[in-house]
Amino acid sequence: EWVKLASQVKEEKSYPWPKASNVKYPLLATAAMQFAARAYPSLIPADGKIVQFKVVGIDQQGLKAIKADKLAKHMNYQLLEDMMDWEEEMDRLLIQLPVVGCLFKKTYFDELRGTNMSRLVGPKDLIVNYWATSLEAAHRKTEIIPMTRNQIQSCINGELFLDVELKFDPMPETMNKQSVHGNQVPAQKDETTPFVILEQHTFLDLDEDGYAEPYVVTFEESSRTVLRIVARFDSDGIKTGPKGKVVSITPVEYYTKYEFIPNPDGGFYGIGFGHLLGPINDSANTVINQLVDAGTLANLQAGFIGKGLRLKMGETKFSPG
């Protein structure tokens, strides 16, 4: 609802008469653009020094500072030059974040492209328990990824997915996808219709040692066909006890949460200007439209004159003019 309001979507009204005034005051859109205009130069300065460094501890010879400076320059190069979509995705994030209140960035190494990726993920495309205290504390995170048959075949050829026969129906009509970003059910299905691929970051006890390890499970929604299972941890994250048993495993976190304002009810998803300014924006729209409609009625009055006029019983509606 807030995205629709901020996007100034034009709709035709039938009340109080067909094609009545439907002005959209850009209160929410202006607030979002002002936030983005202030936040963008702060996060992405013109000098390109996005990543800064700080020396911790004694560094008399300056060796730490030299090493940190090299790392910062390399990361700045990765963000601005190597990762082609990073700056564009951040620009989109700063415009959308104040409207919806919560967005995510998924940062990972794309094995098919051979480069790092940082992709913007909407709040409706990443399902997390509403009462989870944080991304790290959530036991299960599921991302909705629409993929065409050709994209799936590329992953199979690149040995990222299992070579399974694709017999499932893309975007089954029995599944309600109208409210999910980018997953609206098309009017007609063909070879280009995307499949609903779910990537679930969860815990599985595959070695049956009594301790569930972090894994990423990728499967197709309608047929529940598993396409990939890959570990979500490395050797550095494994902590063992005195007897060699696993005490804890730190998962590798691929998602970064961007929150505009923390949710007052303690929920996981934050709130934005949509919750704060949306009702005021709706009220402003109503007041403006009422003024325009009143002027229309004053200029094009409707009614009837006739001493012996006879009408049928019931309601009779008259249009302006």
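Remember, it's a predicted structure, so these values are computed and weren't measured experimentally. The figures here come from the full heavy-atom set of this structure, side chains too, leaving out hydrogens, waters and symmetry mates.
By the rule that hydrophobic residues join a cluster once side-chain heavy atoms approach within less than 4.5 Å of another member, V51 and L93 end up as members of one cluster. Note on L277 and V287: separate hydrophobic clusters, where clusters join Ile, Leu, Val, Met, Phe, Trp and Tyr whose side-chain heavy atoms are under 4.5 Å apart, directly or indirectly. Side-chain heavy atoms closer than 4.5 Å link hydrophobic residues (I, L, V, M, F, W, Y) into clusters, and following such links, possibly through other members, connects M90 to L103. No continuous path of ILVMFWY side-chain contacts below 4.5 Å connects Y77 to M84, so the two sit in separate hydrophobic clusters. When hydrophobic clusters are built by joining Ile, Leu, Val, Met, Phe, Trp and Tyr residues whose side-chain heavy atoms come closer than 4.5 Å, directly or via intermediates, Y254 is not grouped with Y258.
A salt bridge links E89 with R92: the distance from a Lys NZ or Arg NE/NH1/NH2 to an Asp or Glu carboxylate oxygen falls below 4.0 Å. Ion pair R119/E199 not flagged as a salt bridge, since none of the NZ, NE, NH1 or NH2 atoms sits closer than 4.0 Å to an Asp/Glu carboxylate oxygen. Between K141 and E253 a salt bridge is recorded (basic side-chain N to carboxylate O distance below 4.0 Å).
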| request: List the steps and the verdict of side-chain contact (heavy atoms from CB on, under 4.5 Å) for F53 and K67. | output: CA-CA 10 Å; F53 68 89; K67 184 178 180 180; over 6 Å; no
| task | Begin from the C-alpha positions of T218 and I145 and carry the test side-chain contact (heavy atoms from CB on, under 4.5 Å) through to its verdict. | result | CA-CA 10 Å; T218 306; I145 307 175; over 6 Å; no
| said: Using side-chain contact (heavy atoms from CB on, under 4.5 Å), reason through V246 and E213 one step at a time and then give a plain yes or no. | reply: CA-CA 10 Å; V246 176; E213 293 84 9; 5.6 Å; no
| task | Applying side-chain contact (heavy atoms from CB on, under 4.5 Å), run through K24 and E11 and close with a yes or a no. | result | CA-CA 10 Å; K24 298 289 183 70; E11 297 174 316; 4.1 Å; yes
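A distance of 12.5 Å separates SG of C155 from CG of D163, quoted to the nearest 0.5 Å. How far CD1 of I229 is from CD of Q200: 10.5 Å, rounded to the nearest 0.5 Å. Summarising the geometry, atom CZ belonging to F268 is positioned 11.5 Å from atom CD1 belonging to I127; distances are rounded to the nearest 0.5 Å. Distance check: H74 NE2 to D82 CG gives 7.5 Å after rounding to the nearest 0.5 Å. Going from atom CD of E1 over to atom NE2 of H275 covers 9.0 Å, rounded to the nearest 0.5 Å. Between the CG atom in L204 and the OH atom in Y215 there is a gap of 7.5 Å [rounded to 0.5 Å].
Between F260 and F35, the ring planes are perpendicular. Angles over 60° get that label, and only those under 30° would be called parallel. Aromatic ring pairs are classed by plane angle as parallel below 30°, tilted from 30° to 60° and perpendicular above 60°; the pair H139 and F203 is parallel.
The local environment of CE in M75 is sparse, with at most 12 non-hydrogen atoms from other residues, nucleotides or ligands closer than 6.0 Å. Within a 6.0 Å radius of CZ in F109, other residues, nucleotides and ligands contribute more than 12 heavy atoms. For N150, the CG atom sits in a loose shell: 12 or fewer heavy atoms of surrounding residues, nucleotides or ligands are nearer than 6.0 Å. Within 6.0 Å of the CG atom in L43, the count of heavy atoms belonging to other residues, nucleotides or ligands exceeds 12.
F104 does not carry K106 over the face of its six-membered ring by the limits of under 6.0 Å from the centre and within 45° of the normal.
The main-chain N or O of L5 is found under 3.5 Å from a side-chain atom of Q8 such that the two form a donor-acceptor pair. The closest donor-acceptor contact from the side chain of N285 to the backbone of Y25 lies under 3.5 Å. Of the possible polar contacts, one joining the D59 side chain to the K64 backbone as a donor-acceptor pair under 3.5 Å is found. Not one N or O on the side chain of D69 forms a donor-acceptor pair closer than 3.5 Å with the backbone of K73. In this structure a side-chain-to-backbone donor-acceptor pair under 3.5 Å is present from N263 to Y269. Judged by distance alone, with hydrogens and angles left aside, the side-chain atoms of Y211 form a donor-acceptor pair with the main-chain N or O of I249 at under 3.5 Å.
By the 4.5 Å heavy-atom criterion applied to side chains, Q151 and I197 are not counted as neighbours. By the 4.5 Å heavy-atom criterion applied to side chains, W86 and I50 are counted as neighbours. Counting heavy atoms from C-beta on, the side chains of I261 and F273 never come closer than 4.5 Å. Side-chain contact check for L198 versus I144: some heavy-atom pair is nearer than 4.5 Å. Annotation: side chain of M147 is in contact with side chain of F161 (closest heavy-atom distance under 4.5 Å). Counting heavy atoms from C-beta on, the side chains of D91 and Y40 come closer than 4.5 Å. Contact annotation: the side chain of V99 never approaches that of Q96 to less than 4.5 Å [non-hydrogen atoms, C-beta and beyond]. Looking at heavy atoms from C-beta onward, P214 lies out of side-chain contact with H201 at the 4.5 angstrom threshold.
When each of E87, Q78, K105 is tested with S118 by the rule side-chain hydrogen bond (donor to acceptor under 3.5 Å, both in side chains), just one qualifies, namely K105.
Of all non-hydrogen atoms in I95 and A32, the two that sit nearest each other are O-CB, 3.8 Å. Here the closest heavy-atom approach between residue W131 and residue D265 is recorded as CZ3-O, 3.2 Å. Scanning both residues, N281 and L28, for their nearest heavy atoms gives OD1-N, 3.0 Å. When all heavy atoms of E12 and N22 are compared, the closest pair comes out as N-ND2, 4.5 Å. Contact record, I271 with P264: CD1-CD, 3.8 Å, taken as the closest heavy-atom pair. Nearest heavy atoms, V23 versus N289: N-OD1, 2.6 Å.
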